[in-house]
Amino acid sequence: MGKGRKIGIIFVLVALLPALFYSAYEVSSLSSTEELIQSIYSKQLDVILFSINQYALDVAQSWSGEVNTLLITSQPSRVDSATRIFLNKRTAVRGVFYTDSTGHSLSFVTRQKKEKTRGDEDISVSSLQNQSATIEKLLHYASSGYRKIEPVIIGDSVSGQGLMLMFVTSSRFPEQKIAGFVIDANSFVTEVLQAKIAQAAGEEFLLAVFDRRNQHIILSTSPVEITELREVKDLWLFPGYSIGIRLRGTSVEDVVRARSERNLILIGVLDILLIGAVWLVYRTLKKEMELVRLKGDFVSNVSHELRTPLSLIRMFTETLSMKRVQTEEKKQEYYDTILHETERLTRLINNILNFSRMEAGKKQYHVESMALNEVVTGVLKTYTSHLEHEGFTASVQLAENIPDIHADREAIAEALINILDNAVKYSAADKYVRIKTGQTDNTIYVEVEDHGIGIDKHHHKKIFETFYRVSTGLTNNIKGSGLGLSLVSHIMNAHGGMIELESEPGKGSIFRLLFPIVNRSDSTHKG
Ligand code: ADP
């Protein structure tokens, strides 16, 4: 496994994973907090609904108590008038009926003496007989001293307007009676429950009573849609009626949800920042490690680069000084080799010195107006012998009438030599270089073409980085420092110029140095 990958994994394990785990924990605890708040809230709503139900039941109980009392205590002839007094106080009650325990001899008392009962409130012997099971139940409760009330829908059950609350009178009465009221459910809600509901709602809540069957709201403390109610319970006393509740304005859920969402977004952003930071640190570290590796290679490469020419120079000088060389021709060859090796050493040392100057930011350029062709010719003057010595064919094409450039003569020469050096180093059998100058719309350029091993696109950018060397395939045995092109790149940047590279493996390379045309009115120079 590569060192970079190892570091990446360590990073993920040490920094990222705990943070992500923590985020996951936070997210889950957020939702459980939300659930907790929701359940507390639901319970609170339940309690309110329960208290209203209980209140409605209490009211009905107390009414049945009153009717019970008047049925027990009044003279038979005064029962009706006593009942009417009761009815006048209770406008939600339409009428009171009572009968003997057999359900016969039914009396139905309404508010007005001779009021005709409406169809839906009609209490008949037969309608009571239909309720025999209910009556049975009531009698059973009554025998254990508990006066229970049973709601029975009468008449039009869809509108639910008529509702009978049935109970049996207490057993102290010589003849136990079945009694009850016919109640107008809507009036009961709007007249009797209204105050209690308003009080329960207070400032915080919104309460509404509605008919489940037709989804009609009978009473609400503020305008509301049934679907907006948070908690809904049946109204015990009135089958078909429900009572619902929610918070006024923003609900607890909204508050909790908004809070959770905010926290989630925050956690998300933090995670993204963290991942970004880890990735950045990882990348920087990887780059640093790569640089450390490249520097290590550089030291061994340079040592080799220094040693080779030195040992050659030493060997040939020794041979010459011992006068072992017989022919003048051979002597000349040895002198040439010594000269070339010295030049090679000089170039390498120049590169290293320039590099350290650039690293320290101490490299200074002496810019002057000059003809690029002159610089090229100057370089070729000293370099041609090296090219010939290495067996290269050189072709030179200098464009005429191109504008001068503003540059540091020595630096440009050095850049060109580095590119020529590479052309020589990275060529195999086809030893050919072409040096060409020219002009485009807004640049002056010099390019060096070789028929060498070429460079894969993947490396085109990286070879200009310090110490970077292509370390695969054919380049494996070619020694170098990895400084040359980074120096060229530095020099071109300092001149406001660019480097273009056209190269493919096996097809040779073209390195093109482009200089900006600073001032078109500049004097042109014949090439
Ligand atoms: P080096 O000292 O290794 O030559 P450079 O910075 O001059 O360092 O070049 C970087 C790398 O670019 C080289 O190691 C080589 O792989 C590649 N390179 C440069 N010039 C050429 C060329 N003309 N043909 C093929 N490869 C080249």
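Scope of the values below: all heavy atoms of this structure, side chains included, with no hydrogens, waters or symmetry mates. Remember, it's 1-based here, ligands and their atoms both numbered in the order they're listed.
In this structure, K363 forms a cation-pi arrangement with Y365, its terminal cationic atom sitting closer than 6.0 Å to the ring centre and no more than 45° off the ring axis.
In terms of polar-atom proximity, defined here as any N/O pair under 3.5 Å, D450 does make such a contact with ligand 1. Ligand 1 has an N or O atom lying under 3.5 Å from an N or O atom of R469, backbone or side chain. Of the N or O atoms in G482, one or more lie within a sub-3.5 Å distance of an N or O in ligand 1.
Under 4.0 Å from ligand 1, the heavy atoms of I455 that appear belong solely to its side chain. Contacts of H459 with ligand 1, taken as heavy-atom pairs under 4.0 Å, are absent altogether. Heavy atoms of F464 found under 4.0 angstrom from ligand 1: none, in either backbone or side chain.
Using a 4.0 Å cut-off to heavy atoms of G454, the atoms of ligand 1 that qualify are 25 (C). Of all atoms in ligand 1, numbered sequentially from 1 with element shown, those under 4.0 Å from a heavy atom of G484 are 5 (P), 6 (O), 7 (O). Annotation for ligand 1: atoms under 4.0 Å from non-hydrogen atoms of V470 are 14 (O), 16 (O). When each atom of ligand 1 is checked for a heavy atom of K425 under 4.0 Å away, the hits are 1 (P), 2 (O), 4 (O).
The distance between the ring centers of F467 and F355 falls below 6.0 angstrom.
Under 3.5 Å, the side chains of N373 and T437 contain a donor-acceptor pair of N or O atoms. Between the side chains of S242 and R212, at least one donor N or O sits under 3.5 Å from an acceptor N or O. Side-chain atoms of E414 and N354 form a donor-acceptor pair, as typed in the model, at a separation below 3.5 Å.
Under a 4.0 angstrom heavy-atom cut-off, G452 registers as lying outside contact with ligand 1.
Under the salt bridge (Lys or Arg N to Asp or Glu O under 4.0 Å) criterion, E368 pairs with R409, not counting sequence neighbours. Residues satisfying the side chain to side chain donor-acceptor pair (under 3.5 Å) criterion with Y432, sequence neighbours excluded, are absent altogether.
Using a cut-off of 4.0 Å between Lys/Arg side-chain N and Asp/Glu carboxylate O, E502 and R512 are scored as salt-bridged.
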